[in-house]
Each structure stands twice: as structure tokens, then as C-alpha cells.
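What follows is a set of notes on a single structure, which appears directly below.
Keep in mind that this is a model prediction, so the values were computed, not measured.
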Amino acid sequence: MKNSLLFSLFFLSAFILLINGCSKNSSPAEPSDENFFTDSTHHDSVVVRKPNIYLYPETKTSISVSLLFPSGGTILESMPEYLTGWKIEAGPDGKINNSYDFLFYECRTPDLYQYNSGWTIERDSLFLFFQLNLAKTGFSEKEINDFIEYWIPRLSDYPFYIIYPQYSEDIEKAIKLDIIPAPDNTIRLFYVIKGSEKNNSILFLPVLPKFKREGFVAAEWGAVLKQGKL
């Protein structure tokens with residue numbers, strides 16, 4: 001009788017352990033943003049907001065535009081719809097398919113951007129800063145106005161903003177832009193922007209790249225808003 005009772009208790013314990021083990025493994029945990037990328041870089045991911053790609057061929061031209069993510073990434077939004085790439089027609093005035101002023105997309109990529117050089121700008125000075133900085137970089141008045149119209153109203157929560165510019169060399173680590181036929185001159189600029197309560201960041205002064213608006217020109221701007229404050 002005693003042996004029979006011990007065998008029953010052993011069988012019941014084993015059955016409970018088996019049930020618990022199955023329940024723990026039956027539904028895997030939902031992936032978090034931190035685990036979005038599984039490549040060897042182990043960088044956090046960020047969302048690149050509203051990059052606009054402007055195209056100005058010298059004559060009306062059929063153009064193929066592709067976005068490549070060498071370290072992993074995904075497109076979240078696009079206009080016109082990206083699908084496997086954009087196949088469009090653009091003219092010297094920048095009009096795309098007779099309907100769009102630029103190609104628009106948003107994407108998530110690993111955070112491979114630089115945080116060594118930049119500026120700390122007071123909130124009330126952002127308008128003038130972006131106006132001058134974009135102009136010095138080589139963007140046109142229309143491209144600058146598009147940027148300011150969209151971003152200035154969205155930068156109002158902090159007294160200061162730390163701005164890290166990302167030029168083509170920095171951007172290419174995360175997002176490669178393949179345009180066929182190839183432009184004669186291309187400028188890419190993303191701003192990584194962090195809100196700050198104080199003006200106490202020590203940064204190297206960025207060196208602006210040289211850019212000429214000659215021949216077939218492609219220009220792109222966008223921004224990454226970092227969470228939290230410094």
C-alpha cells in the first residue's frame with residue numbers, strides 16, 4: 001500500500017512538471033523593439049521619420065529608386081507605395097509622375113548614427129538654425145521650407161535640442177540609396193534630434209560636406225527623434 005501511494009505521488013509530480021513545462025513554451029514572447037534586429041551589431045533600433053527624396057534630372061527621365069538596408073531594416077510607410085522599389089518619371093522641375101514633389105518613406109533601422117559632432121540649439125532659435133544649416137549644406141529654398149514646415153511644430157517640448165547631423169557616409173551604414181540612372185550630385189542629410197533641459201553638451205563642430213547643384217541632382221533630408229531627455 002505504501003509503495004503504491006509513493007508511486008502515485010511520483011506520477012502526479014511528474015505530470016505537473018510536464019504540464020508546466022509545456023505551458024511555458026507553448027506561446028513565445030512577443031518580440032520587443034530591442035530585439036527587432038538579430039544581426040551581429042546589437043544596436044538599438046530607431047525610426048527614421050519622413051525622409052523626402054527630391055529628384056531633378058536635366059530632362060524628363062524614367063528613374064528607378066531602391067532603398068537597401070545593409071544591417072537590417074524595414075520600410076514602415078511610403079508614398080507613392082514602395083513595394084519592391086520606385087519606378088517613376090521625373091522632370092527638371094522635380095515633379096514626380098506629374099503628381100508628387102518628392103518620394104516619401106519612413107523606416108526602422110539599427111542605430112548606426114554618429115553622436116560625436118553636432119550642435120545644441122535653443123528651441124526659439126530652431127527655425128533660423130535649420131534655415132541656415134540646410135542652405136549651407138546645399139538644399140533649395142523649397143526643400144528647406146518643406147523641412148521647416150513639418151519639423152518646427154514638432155519640436156516644442158524642450159528648451160534645448162541637441163542635433164547630430166548625419167551625412168551620406170553616416171546614412172549609408174544604415175540606408176543605401178540606389179538611383180538608376182545615377183545622379184551627378186547627391187546630398188543626404190538626416191538630423192538625429194534629442195530634447196534637453198540644459199545647454200551643457202560638449203560636441204565637436206561638424207564639417208559640412210561639399211555639394212554642387214549641377215547636372216542630375218538628388219537631395220534627401222530626414223530626422224530621427226531620440227526618446228527621453230538629456
With rounding to the nearest 0.5 Å, note down the distance linking [atom1] in [X] to [atom2] in [Y].
X	Y	atom1	atom2	answer
Asn145	Gln131	CG	CD	7.5 Å
Glu149	Lys142	CD	NZ	9.0 Å
Glu77	Ile75	CD	CD1	10.5 Å
Thr137	Leu208	OG1	CG	4.0 Å
Leu126	Ile152	CG	CD1	5.0 Å
Asn116	Ile202	CG	CD1	13.0 Å

Of all pairs that satisfy side-chain hydrogen bond (donor to acceptor under 3.5 Å, both in side chains), the ones with a partner from residues 91-101, not counting sequence neighbours:
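Found Lys95-Asp101.
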Can you tell if the side chain of [X] reaches within under 4.5 Å of the side chain of [Y], non-hydrogen atoms only?
X	Y	value
Thr109	Phe69	yes
Trp86	Pro80	yes
Glu106	Val48	no
Trp119	Leu205	yes
Tyr161	Lys194	no
Val217	Asp184	no
Tyr150	Lys50	yes
Ser71	Leu112	yes

To check you understand the geometry: which heavy-atom pair defines the closest contact between [X] and [Y], and what is its length?
X	Y	answer
Glu220	Phe139	O-CZ, 3.4 Å
Ala218	Pro183	CB-CG, 3.7 Å
Glu214	Asn185	O-ND2, 2.8 Å
Phe216	Ala182	CD2-O, 3.8 Å
Pro209	Ile187	CG-CD1, 3.9 Å
Phe160	Glu197	CD1-O, 3.9 Å

Let me check something: any side-chain donor-acceptor pairs from residues 168-177 under 3.5 Å, sequence neighbours excluded? List them with distances.
residue : atom : partner : partner atom : Å
Asp170  : OD2  : Tyr167  : N            : 3.1
Glu172  : OE2  : Arg188  : NH1          : 2.8

Show me, pair by pair, the donor-acceptor contacts under 3.5 angstrom made by side chains of residues 55-64, not counting sequence neighbours?
residue : atom : partner : partner atom : Å
Tyr56   : OH   : Glu143  : OE2          : 2.6
Thr61   : OG1  : Thr59   : O            : 2.6
Ser64   : OG   : Lys87   : NZ           : 3.1

Determine, stepwise, if the pair Ile121 / Phe129 fulfils side chain to side chain contact (heavy atoms under 4.5 Å, CB included).
CA-CA 8 Å; Ile121 306 298; Phe129 166 78; 3.7 Å; yes
Under a 4.5 Å side-chain heavy-atom rule over Ile, Leu, Val, Met, Phe, Trp and Tyr, are [X] and [Y] clustered together?
X	Y	answer
Ile193	Leu128	no
Ile179	Met79	yes
Phe104	Leu225	yes
Leu68	Ile88	no
Phe102	Leu76	no

Polar side chain donor-acceptor pair, Tyr105 to Glu81, under 3.5 angstrom:
no
Give a yes-or-no answer on whether the side chains of Asp111 and Tyr115 include a donor-acceptor pair shorter than 3.5 Å.
yes
Mark yes or no: Arg213 above the aromatic ring of Phe211, with NZ or CZ under 6.0 Å from the six-membered ring centre and no more than 45 degrees from the axis.
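Pair Arg213/Phe211 does not count as cation-pi.
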I'd like to know whether Leu155 forms a side chain to side chain contact (heavy atoms under 4.5 Å, CB included) with Phe130, so could you lay out the CA-CA distance, the side-chain angles of the two residues, the decisive distance to 0.1 Å, and finally the verdict.
CA-CA 12 Å; Leu155 301 174; Phe130 284 124; 3.9 Å; yes
Does Glu89 CD have over 12 foreign heavy atoms under 6.0 Å away?
yes
Between the main-chain N or O of Ser117 and the side-chain N or O of Gln114, is there a donor-acceptor pair closer than 3.5 Å?
yes
With distance as the sole test, does Arg123 use its side chain to make a donor-acceptor pair with the main-chain N or O of Ser156 at under 3.5 Å?
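Answer holds: yes.
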Check against side chain to side chain contact (heavy atoms under 4.5 Å, CB included), Val65 and Asp178:
CA-CA 6 Å; Val65 180; Asp178 186 26; over 6 Å; no
Under the side chain to side chain donor-acceptor pair (under 3.5 Å) criterion, do Asn133 and Tyr191 qualify, and how do the steps go?
CA-CA 11 Å; Asn133 187 253; Tyr191 293 110; 2.5 Å; yes
Evaluate the criterion side chain to side chain contact (heavy atoms under 4.5 Å, CB included) for residue pair Ser201 and Ile162; output intermediate values, then yes/no.
CA-CA 8 Å; Ser201 295; Ile162 305 171; 2.9 Å; yes
Parallel, tilted or perpendicular for Trp221 and Tyr54, by the 30°/60° rule?
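The arrangement is tilted - the two ring planes meet at 30° to 60°.
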